[in-house]
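Data first, discussion second: the structure below is written as C-alpha cells.
Residue numbers start at 1 and run along the sequence shown. Computed from a predicted model, the values in this text were never measured in an experiment.
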Amino acid sequence: PGSSVMVMLADDEDVNADLHYEIQSPKVSSFKIHPKSGLLTTFRTLDRETLDRVELKIRVSDGSHEAFTKIEIEIMDVNDEVPRFLQDSYIFEMEENFPLRQTYGQVQAVDNDLGEAGQVTYSIEDNDDNVFGINKISGELFANVNLDREERSEYKIIVKASDNGAEKQLSSTVQIKVAIKDVNDKYPDFEKEEYTMYVLESVPVGEPVLKVAANDVDRNANLEYSIVEPITARDKTGNILNNRAAYDFSQAFAINPKTG
C-alpha cells in the first residue's frame with residue numbers, strides 16, 4: 001500500500017485553475033488518487049490471483065467544469081503463492097514385492113502464480129535409505145527396493161512441492177503413509193524337522209497319538225495339514241517293518257487338517 005502507480009495530468013485554459021482529481025468508479029477500490037497532484041497510489045495490497053486487471057474512471061474538476069477519463073491497470077504477477085497439496089495427507093497401499101519403479105500412488109499440488117513461478121516440482125524430504133522415489137514433474141510415487149511386509153508393514157515419508165520462482169522459491173510439504181499389504185510368499189515351517197511317536201497296536205480308533213505344528217510368517221496364513229504318502233512303518237529300533245499282509249498304512253492314520 002502507498003506505492004506510486006502513475007500521475008494523472010489535466011490541462012485547463014483558465015488561468016490559475018484549481019484542479020481536483022478523484023476516482024469516480026469504482027467507489028471501493030484498491031487505489032487512491034491525490035486530489036491535488038493527481039498521483040495514483042495503491043491503497044490496499046494487490047493480489048493478481050484474485051484480480052488481475054482493474055479499470056478506473058477518473059474525474060477532474062475545476063469547480064465549474066469537469067472531465068473524465070478511463071485507465072486500465074494490469075496487475076503484474078510476483079511469486080507470492082505457496083504450492084498447495086490437494087490433500088492434507090495421503091495414504092497409499094501397495095503389495096510387498098511390488099514391481100520396482102512402478103507407480104503405486106500420486107500426489108498433486110497447485111500454484112496459482114503465472115509462468116515458471118507457478119510450475120511445481122516434487123521431491124522426497126524424509127526417505128529411509130532411498131526406499132521410495134518420486135517423479136519430480138508428475139508427483140507419481142514408486143519403490144526403489146523390494147518391500148517385505150514381514151520386515152516392515154508401514155512407512156511414512158515427507159514429500160515437498162516447490163515452485164520455480166526466479167528470485168525465491170516457495171514450498172510446502174505433506175506426509176504420506178505407505179501401508180504394505182501381505183501376499184502369500186513365505187513357506188510354512190514345521191516346529192520340528194522330525195516327529196517320533198510310538199503307538200500301541202491296541203490304541204482305539206480316533207484316539208490322538210501325535211500333534212504337529214507349523215508356522216507361517218505371512219499374515220492370516222491359513223495352514224492346512226495333510227498326510228503325504230508313501231508312509232513307512234518302523235519299530236522302536238528304527239528298522240523298517242515289512243508289510244507281510246499288504247496292509248495299507250495310509251489307511252491307519254488320519255490328521256485334522258486345521259489343528260494338526
Side-chain angles (χ1 to χ4, degrees), residues 87-107 124-135 140-159 174-260:
Q87 297 179 206
D88 295 332
S89 62
Y90 292 82
I91 299 177
F92 297 112
E93 288 186 343
M94 63 182 303
E95 292 184 345
E96 58 181 342
N97 300 321
F98 195 80
L100 300 184
R101 304 192 68 82
Q102 183 171 317
T103 301
Y104 68 83
Q106 183 178 20
V107 298
I124 296 180
E125 288 283 277
D126 184 10
N127 195 3
D128 293 336
D129 299 324
N130 198 34
V131 172
F132 299 101
I134 190 169
N135 185 306
E140 293 175 317
L141 292 155
F142 53 86
N144 288 318
V145 299
N146 288 318
L147 302 177
D148 187 345
R149 190 197 174 282
E150 285 69 45
E151 294 182 2
R152 186 167 176 177
S153 62
E154 180 181 298
Y155 292 84
K156 290 182 180 179
I157 58 177
I158 302 296
V159 170
V174 70
Q175 186 181 77
I176 297 174
K177 175 182 174 181
V178 183
I180 310 302
K181 296 176 63 178
D182 189 44
V183 296
N184 189 18
D185 61 345
K186 299 294 188 296
Y187 288 96
D189 184 32
F190 280 101
E191 293 182 355
K192 297 181 180 180
E193 292 185 2
E194 182 176 312
Y195 292 82
T196 301
M197 177 62 66
Y198 299 103
V199 181
L200 295 175
E201 60 182 352
S202 60
V203 68
V205 175
E207 181 75 14
V209 294
L210 177 67
K211 179 178 174 60
V212 299
N215 298 309
D216 193 318
V217 294
D218 284 318
R219 189 180 184 184
N220 299 322
N222 186 21
L223 297 182
E224 184 173 312
Y225 299 90
S226 60
I227 295 176
V228 179
E229 297 185 42
I231 296 177
T232 302
R234 297 177 183 271
D235 60 21
K236 287 187 177 183
T237 63
N239 295 321
I240 298 177
L241 296 178
N242 294 322
N243 191 355
R244 298 178 179 178
Y247 181 74
D248 187 358
F249 288 110
S250 66
Q251 301 299 316
F253 298 94
I255 189 169
N256 187 304
K258 296 299 182 183
T259 65

Listed by chain and number, what are the side-chain contact (heavy atoms from CB on, under 4.5 Å) partners of V203, not counting sequence neighbours?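 V203: side-chain contact (heavy atoms from CB on, under 4.5 Å) contacts with V199, E207, V209.
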To the nearest 0.5 Å, tell me how far [X] [atom1] sits from [Y] [atom2].
X: L141; Y: Q106; atom1: CG; atom2: CD; answer: 8.5 Å
X: E125; Y: I157; atom1: CD; atom2: CD1; answer: 11.5 Å
X: I180; Y: D148; atom1: CD1; atom2: CG; answer: 9.5 Å
X: R101; Y: E140; atom1: CZ; atom2: CD; answer: 11.5 Å
X: N144; Y: N130; atom1: CG; atom2: CG; answer: 4.5 Å
X: K181; Y: L147; atom1: NZ; atom2: CG; answer: 14.0 Å

Check I255 against I227 and note the closest heavy-atom contact, atom names and distance. CG2-CG1, 3.7 Å
Without swapping roles, check the side chain of E96 against the backbone of R149 for a donor-acceptor pair under 3.5 Å.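 Yes.
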Do [X] and [Y] come close enough that some side-chain heavy atom pair is under 4.5 Å?
X: I176; Y: K156; value: no
X: K211; Y: T259; value: yes
X: Q87; Y: V174; value: no

Non-neighbouring partners of F132 that pass ring-ring contact (aromatic ring centres under 6.0 Å, His included), sequence neighbours left out: Y104, Y155
Given the rule in the side-chain contact (heavy atoms from CB on, under 4.5 Å) test, do V107 and I134 qualify, once you have shown the distances and angles that lead to the verdict? CA-CA 9 Å; V107 298; I134 190 169; 4.1 Å; yes
Whether F190 and Y195 hold their rings parallel, tilted or perpendicular, with breakpoints at 30° and 60°: perpendicular
